[in-house]
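Below you will find the structure I want to go over with you.
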2 protein chains.
Amino acid sequence: MADIAKLANVSKPTVSRALSNSPLVNRATRNHVLSVANAHGYAVNRNAQKLRHKRTNTVAVSLDFHSHRQNHISDPFMFDLLAGVSEALGDRNQDLLLCAPNHNDGVAFNQILNSRGADGFIILGQGHREDMLHEFAATGAPVVVWGAADEDANYCVVGSDNYLGGQLAGRYFCDKGRRRWLFVGDTSFREFRQRREGLQNVCDEADDGIVIDDIELHSFGYDSAYDAASHYLDVIETNPDAVFSYNDTSAMAFISAFRDAGIDVPGDVSVVGYNDIPSAEYFSPPITTIRQDTHQAGRVLAAKLMRIIDGETPRSALIKTELILRES
Amino acid sequence: MADIAKLANVSKPTVSRALSNSPLVNRATRNHVLSVANAHGYAVNRNAQKLRHKRTNTVAVSLDFHSHRQNHISDPFMFDLLAGVSEALGDRNQDLLLCAPNHNDGVAFNQILNSRGADGFIILGQGHREDMLHEFAATGAPVVVWGAADEDANYCVVGSDNYLGGQLAGRYFCDKGRRRWLFVGDTSFREFRQRREGLQNVCDEADDGIVIDDIELHSFGYDSAYDAASHYLDVIETNPDAVFSYNDTSAMAFISAFRDAGIDVPGDVSVVGYNDIPSAEYFSPPITTIRQDTHQAGRVLAAKLMRIIDGETPRSALIKTELILRES
DNA sequence: GCCTCATATGAAACCGATTTCAAAATTATT
DNA sequence: AATAATTTTGAAATCGGTTTCATATGAGGC
């Protein structure tokens with residue numbers, strides 16, 4: 001910057017002001033400085049800027065890779081979400097610091113904040129980290145979480161309307177005249193628990209002798225879902241006629257297992273997945289599922305975090321959640 | 001840091017040296033300083049550090065979101081790659097700056113480098129940006145590209161052995177006794193062109209009257225592939241008995257289109273995809289495809305870039321590329 | 001012509017670390 | 001005990017910007 005100042009025959013502060021569009025600098029001077037800076041391909045040193053400003057304009061994004069134990073990071077939904085967040089942050093001129101899998105604990109988060117590596121955090125997938133997040137947020141850390149809203153949460157949560165998602169699946173089953181429902185998912189995750197509750201709600205209101213059975217599936221991935229489904233069919237007396245599973249991949253696994261056991265989908269059983277990943281549409285049969293708007297999610301997450309960084313305390317929010325009617 | 005120095009009864013430089021494990025500081029003093037720093041949750045300011053060191057320990061990663069015009073970012077393969085890179089960079093204590101979609105041109109890249117936002121670039125998917133990348137690399141920018149090796153490239157490329165990939169598909173078709181092959185892909189992309197050449201090579205060596213037809217598919221995504229397949233079947237005289245498509249999603253689309261036209265897969269036609277995305281295994285029929293080791297890819301990309309940043313000029317490299325035999 | 005006020009500019013201090021260089025403290029050598 | 005060699009330590013300069021504060025310049029009012 002000192003060089004540019006010399007070249008433009010002005011002082012360092014003037015260059016600084018010109019580059020930041022300060023009204024304190026004369027129009028003509030600014031244009032001159034700008035042209036000199038441009039001609040020399042000058043770019044302000046972000047690190048010096050961050051140091052002085054005490055603001056990084058960087059958002060750290062954490063992906064809970066490890067909650068996808070088996071499948072590691074394979075569920076495309078998380079990545080659509082990441083894409084949405086990336087786009088939203090780009091629009092706001094915020095840099096995106098992607099946190100590596102092994103840095104996903106509270107200490108590491110605090111370290112990033114304390115060392116001024118980022119101004120705040122977007123956590124994609126709260127998983128089983130609610131306690132850690134609670135603690136983290138309690139320190140005053142600016143943080144937004146993609147996950148399930150929680151009355152007691154001391155942090156801002158943005159997520160799918162899981163309860164509604166459960167209701168949508170339930171109503172779909174009612175429409176199809178299904179009476180023996182099966183819920184698949186690990187209800188120790190709040191998100192899945194809320195879906196289960198929404199499903200239960202529709203069941204209760206129908207008051208029609210509908211029963212709901214549960215499979216607590218503690219590991220992710222297609223294979224374990226397939227195995228769970230096969231085993232379930234082995235031990236159960238009466239087959240279910242409807243399945244609501246926690247994501248599309250497992251829904252596909254259930255469909256395959258059912259078909260391999262000679263059960264027709266969607267003839268004998270209706271199946272609803274969650275997330276509407278791209279392949280859901282192309283599976284055979286195309287999967288009826290619950291879609292979330294990942295772009296909206298990204299925008300909302302980014303917007304809320306910006307407000308938190310600016311000292312406000314925005315409320316948690318639910319993202320548009322809709323049933324995508326297909327053939328399963 | 002000045003505070004820690006005061007608390008530990010030493011000077012600022014001593015604290016700095018203690019924290020960076022410098023041998024210039026006495027063992028006892030270091031331990032004392034460390035314990036004081038720890039007790040107060042102190043973390044060095046990264047920005048000051050980067051400013052002084054003129055090194056950021058940050059790698060910018062660019063995803064070519066836009067080459068996936070229709071599907072935007074839906075191909076899970078790119079994300080597996082991103083995960084691999086993220087992991088590898090994490091192991092090397094490098095931060096990962098994810099570049100937003102709208103920042104994917106050479107000027108923006110240079111801006112990031114000049115402003116010391118990152119030490120180097122990992123470009124995932126060269127797409128049609130070869131010229132830009134060439135120019136970028138010519139400025140001396142440290143850059144590694146995931147894509148297709150090119151004799152003339154002035155930058156380091158890491159990628160699948162596309163030629164071998166094509167050969168593997170060709171040999172598979174030979175094994176199945178297929179004689180009328182169809183190659184699907186946009187050969188204006190070097191990667192796909194190389195695969196096409198590998199396929200041709202097997203065809204030539206078989207010397208068996210095998211013919212290869214081509215569909216130049218200029219847009220990505222399932223739907224356009226399905227449409228292309230249907231249209232192809234409408235206008236063609238003799239149906240192909242083998243299809244090698246540029247990715248798994250399009251392979252699925254071709255299989256669906258063929259089946260909808262009453263053509264049996266794998267009975268009448270063998271289909272080979274590319275990338276081995278998770279759903280390839282669960283599609284019906286499970287898709288025979290070419291797999292690349294995304295973790296290895298991530299590690300190699302990271303390692304090469306580190307060497308480039310250190311002033312070396314490592315050579316381009318090919319990643320393990322293997323045929324995954326399934327039912328299609 | 002003198003005073004006030006607004007506008008434009010620059011000198012110097014500062015953000016929070018690291019590095020150079022000189023000085024102090026310790027240890028080894030004779 | 002005196003000197004040389006080696007460790008340890010700290011004062012000051014530095015990285016590259018931004019901000020404060022004082023000053024210079026020119027316009028407008030009387």
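Not measured: the values here are computed from a predicted model. Every chain is numbered from 1 and lettered A, B, ... according to where its sequence line falls, protein lines coming before strand lines.
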- prompt: CG of B:D3 versus C1' of C:dC15: gap in Å, rounded?
  reply: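 Result: 13 Å.
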
query: Can you check whether A:L19 reaches A:M1 side chain to side chain, under 4.5 Å on heavy atoms?
result: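 In short, these two side chains touch, coming nearer than 4.5 Å.
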
query: Are the side chains of A:L98 and A:L82 in touch, meaning some heavy atoms are under 4.5 Å apart?
result: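 A:L98 vs A:L82: side chains touch.
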
query: side chain to side chain contact (heavy atoms under 4.5 Å, CB included) with B:A303: which residues, sequence neighbours excluded?
result: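 B:A303 satisfies side chain to side chain contact (heavy atoms under 4.5 Å, CB included) with B:R92 once adjacent residues are dropped.
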
- request: Please collect all side chain to side chain donor-acceptor pair (under 3.5 Å) contacts where either partner lies in residues 31-43 of chain A, sequence neighbours excluded, each pair once.
  value: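 Of all non-adjacent pairs touching residues 31-43 of chain A, none passes side chain to side chain donor-acceptor pair (under 3.5 Å).
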
- prompt: At what angle, to 10 degrees, do the two end axes of the helix from C:dG1-D:dC30 to C:dT30-D:dA1 meet, given five pairs define each axis?
  reply: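 About 40°, once rounded to a multiple of 10°.
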
Side-chain donor/acceptor pairs under 3.5 Å, residues 137-155 of chain A, sequence neighbours excluded:
residue, atom, partner, partner atom, Å
A:T139, OG1, A:F136, O, 2.6
A:D150, OD1, A:D152, N, 2.9
A:D150, OD2, A:R190, NH2, 3.2
A:N154, OD1, A:H134, ND1, 3.3
A:N154, ND2, A:H134, O, 3.0
A:Y155, OH, A:Q126, NE2, 3.4

message: Closer than 3.5 angstrom, by distance alone: can the side chain of B:N275 be matched with the main-chain N or O of B:I277 as a donor-acceptor pair?
response: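 It does not hold such a pair.
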
Sorted by number, the residues of residues 12-24 of chain B with heavy-atom contact under 4.0 Å to DNA chain C: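 Result for residues 12-24 of chain B: B:K12, B:P13, B:S16, B:R17, sorted by number.
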
Heavy-atom check, side chain of B:L81 versus side chain of B:M78, under 4.5 Å: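 Touching, per the 4.5 Å side-chain cut-off.
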
message: Surrounding CD of A:E135 (heavy atoms of other residues, nucleotides or ligands, distance under 6.0 Å), is the total greater than 12?
response: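 Result for CD/A:E135: open.
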
- request: Go through the structure and list residues passing side chain to side chain donor-acceptor pair (under 3.5 Å) with A:S20, not counting sequence neighbours.
  value: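 Side chain to side chain donor-acceptor pair (under 3.5 Å) check on A:S20 returns nothing, list empty.
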
field: Where at least one partner belongs to residues 47-59 of chain A, residue pairs that pass salt bridge (Lys or Arg N to Asp or Glu O under 4.0 Å), sequence neighbours excluded
entry: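 Qualifying pairs, neighbours excluded: A:R55-A:D119, A:R55-A:D310.
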
message: According to side chain to side chain donor-acceptor pair (under 3.5 Å), who are the partners of A:N47, at least two apart in sequence or on a separate chain?
response: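 Listed in chain order: nothing, the list is empty.
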
Inter- and intrachain pairs under salt bridge (Lys or Arg N to Asp or Glu O under 4.0 Å), touching residues 37-47 of chain A, at least two apart: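 Only A:R46-A:D95 qualify under salt bridge (Lys or Arg N to Asp or Glu O under 4.0 Å).
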
- request: Walk along DNA chain D from 5' to 3' and tell me the first and last nucleotide with an atom closer than 4.0 Å to a non-hydrogen atom of chain B.
  value: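 Answer, 5' to 3': D:dT8 to D:dG16.
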
field: Pairs flagged by salt bridge (Lys or Arg N to Asp or Glu O under 4.0 Å) wherever residues 12-40 of chain A is involved - sequence neighbours left out
entry: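 Listed once each, the pairs would be none.
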
query: Once you round it to whole Å, what is the distance between P of C:dT19 and CE of B:M1?
result: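 B:M1 atom CE is separated from C:dT19 atom P by 11 Å.
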
- prompt: Residues from residues 33-57 of chain A sitting under 4.0 Å of DNA chain C, heavy atoms only?
  reply: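 When residues 33-57 of chain A is checked for heavy atoms under 4.0 Å from DNA chain C, the hits, listed by number, are A:L51, A:R52, A:K54.
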
